[in-house]
Amino acid sequence: MPELPEVEVVRLGLAPAVSGATVVAVEVRDHRALKRHVPGTGDDGLGGHGVTLAPEAGAARAADFERRLTGLRLGTPVRRGKFLWIPVGPPAAGARVVGAGEMALLAHLGMSGQLLLRELDAAGDRHVRIRLWIEHPEHGELRIDFADQRLFGSLALDRLAAAPDGIGEVPVQALHIARDPLDPAFDDAAFVAALRRRGSGVKSLLLDQSLVSGVGNIYADEALWRARLHPETAGSVVGARKAAELLRLLRDVFAQALAEGGTSFDEQYVNVNGQAGYFAHQLHSYGRTGLPCDRCGTLIVRERFMNRSSHYCPKCQRLAKAQSAAAK
DNA sequence: CCGCCTTCCTGACAGC
DNA sequence: TGCTGTCAGGAAGGCG
């Protein structure tokens, strides 16, 4: 499932093909993949995200998306956490580089979303929900297929607004998403302080996209294994040094996964060419239930917290005594 | 503000 | 063989 490294691989693959291209046509085959798209200006906050639409409202939403996106010029893709967006603007009069547009084509891959770059005559992939035809001044015509089996992902046209910290612009729907650990403007000290203020388990804190973005279930488990932290360890009992170490290890695992093209654990994740990544071979905890810990040989266990599986080594990742007593 | 629960959705798979 | 139930999980709304 796509987390930060996987979305970054997609962004890198998309960039050369879409930057400077023009949208020739748009086809929405399933309006449920437009959950976040708000018809109209895209910034009025109306429309109710995630609300199941009446069929006629879905059709209207699809028509609005198709009409407004067609003819626009695409800029260079940007990523924050697991959100990816392409600034869009009116067709340039000259060879002006687009990037300072007011609007953006916003994508979230959810669990099974894929953005695939295909030749015009390529066969359709399974579960293609939205299709864009683009024309690039150098690369000619291409098709971008948004495929998504489980429909937790979506595309939307959204307005760009100044980021809360004043650095750059972010789509309105991603304004509450924190910077991610690979962002040069990420505030390490603020993250450490926020983590230590909270009473929740470190695992749910890592998954909280308003504290740090880009972390999903796989990389949360991997970072905690590396930091030797039990997933239910309260943020408030983690020392400042340990919290900083966790952040450093999270950066390490993200960087290593990115270098391997991401994690294709259940074959839901592929890059823009439909290829899998290779980081699954290097996972130490996620998906290794019943296999020996790579550090101490103890069998990895899997437990369910918060409707989610947590994989960890019961010997290397122990709860502090006081907390494990309190948990009983 | 905080933490926990539910909802959205499909397909793979286990069990009867 | 064919049904039913369970599971996978990101994000956001709602509730106490």
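Note on naming: letters A, B, ... go to the chains in the order of the sequence lines (proteins, then strands), and numbering restarts at 1 for each one.
Between the CD atom of A/Q149 and the P atom of C/dG10 there is a distance of 15 Å, rounded to whole Å. What separates CD1 of A/I218 from P of C/dG10 is a distance of 8 Å, to the nearest Å. Distance, A/H31 NE2 to B/dC8 P: 14 Å, rounded to whole Å. Going from atom CE of A/M1 over to atom C1' of C/dG10 covers 11 Å, rounded to whole Å. Atoms CZ (A/R80) and C1' (C/dA11) sit 17 Å apart, rounded to a whole Å. Atom CG of A/L211 and atom C1' of B/dC2 are 12 Å apart (whole Å). For the pair A/L34 CG and B/dC9 C1', the interatomic distance rounds to 16 Å; values are reported in whole Å. Between A/H108 atom NE2 and C/dG9 atom P there is a gap of 15 Å when expressed in whole angstrom units.
Between A/H127 and the phosphate of B/dG11, there is a side-chain N or O to OP1/OP2 separation shorter than 4.0 Å. The shortest distance between the side-chain N/O atoms of A/R36 and the OP1/OP2 oxygens of C/dA11 is not below 4.0 Å. At the phosphate of C/dA11, OP1 or OP2 sits under 4.0 Å from a side-chain N or O atom of A/K82.
Residues A/Y269 and A/E3 have side chains that never bring a donor and an acceptor to within less than 3.5 angstrom of each other. Side-chain contact, A/S310 with A/K203: a donor N or O sits under 3.5 Å from an acceptor N or O. The closest side-chain donor-acceptor pair between A/Y312 and A/E232, if any, does not fall under 3.5 angstrom. No hydrogens or angles considered: nothing links the side chains of A/E303 and A/S309 as a donor-acceptor pair under 3.5 Å. For the 3.5 Å distance criterion, the side chains of A/H311 and A/D221 qualify, holding a donor opposite an acceptor.
Checking C/dG9, B/dT10, B/dA12 against every side-chain atom of A/R129, the shortest atom distance belongs to B/dT10. In this structure, of C/dA12, B/dT10, B/dC8, it is B/dC8 that holds the atom nearest to the side chain of A/F152. Candidate nucleotides C/dG9, C/dC7, C/dA12 were compared by shortest atom distance to the side chain of A/R302, and C/dC7 ranks first. Relative to the side chain of A/H176, the nucleotides C/dG10, B/dA12, C/dA12 differ in distance, and C/dA12 lies closest. Taking every side-chain heavy atom of A/M111 into account, C/dG9 is the closest of C/dA11, C/dG9, C/dG10. Nearest nucleotide to the A/L151 side chain, out of B/dC9, C/dA11, B/dG11: B/dC9.
Relative orientation of the A/F83 and A/H108 rings is perpendicular, given thresholds of 30° and 60° on the angle between their planes.
When heavy atoms are screened at a 4.0 angstrom cut-off, A/Y286 is found touching the sugar-phosphate backbone but no base atom.
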Could you give me the CA-CA distance, side-chain angles and deciding distance for A/D188 and A/R248, then say whether salt bridge (charged side-chain N to carboxylate O under 4.0 Å, His left out) is met? CA-CA 10 Å; A/D188 288 25; A/R248 179 175 61 75; over 6 Å; no
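Of the charged side-chain nitrogens involved, none lies within less than 4.0 Å of a carboxylate oxygen, so that A/D148 and A/R129 do not count as a salt-bridged pair.
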Where do N or O atoms of nucleotides 3-6 of chain B meet protein N or O atoms at under 3.5 Å, pair by pair?
{"residue": "B/dG3", "atom": "OP1", "partner": "A/G199", "partner atom": "N", "Å": "3.0"}
{"residue": "B/dG3", "atom": "OP1", "partner": "A/S200", "partner atom": "N", "Å": "3.3"}
{"residue": "B/dG3", "atom": "OP1", "partner": "A/S200", "partner atom": "OG", "Å": "3.3"}
{"residue": "B/dG3", "atom": "OP2", "partner": "A/R198", "partner atom": "NE", "Å": "2.7"}
{"residue": "B/dG3", "atom": "OP2", "partner": "A/R198", "partner atom": "NH2", "Å": "3.1"}
{"residue": "B/dG3", "atom": "OP2", "partner": "A/S200", "partner atom": "OG", "Å": "3.0"}
{"residue": "B/dG3", "atom": "O5'", "partner": "A/S200", "partner atom": "OG", "Å": "3.0"}

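In the interface, the side chain of A/R150 is not paired with the base of C/dG10 through any donor and acceptor atom under 3.5 Å apart.
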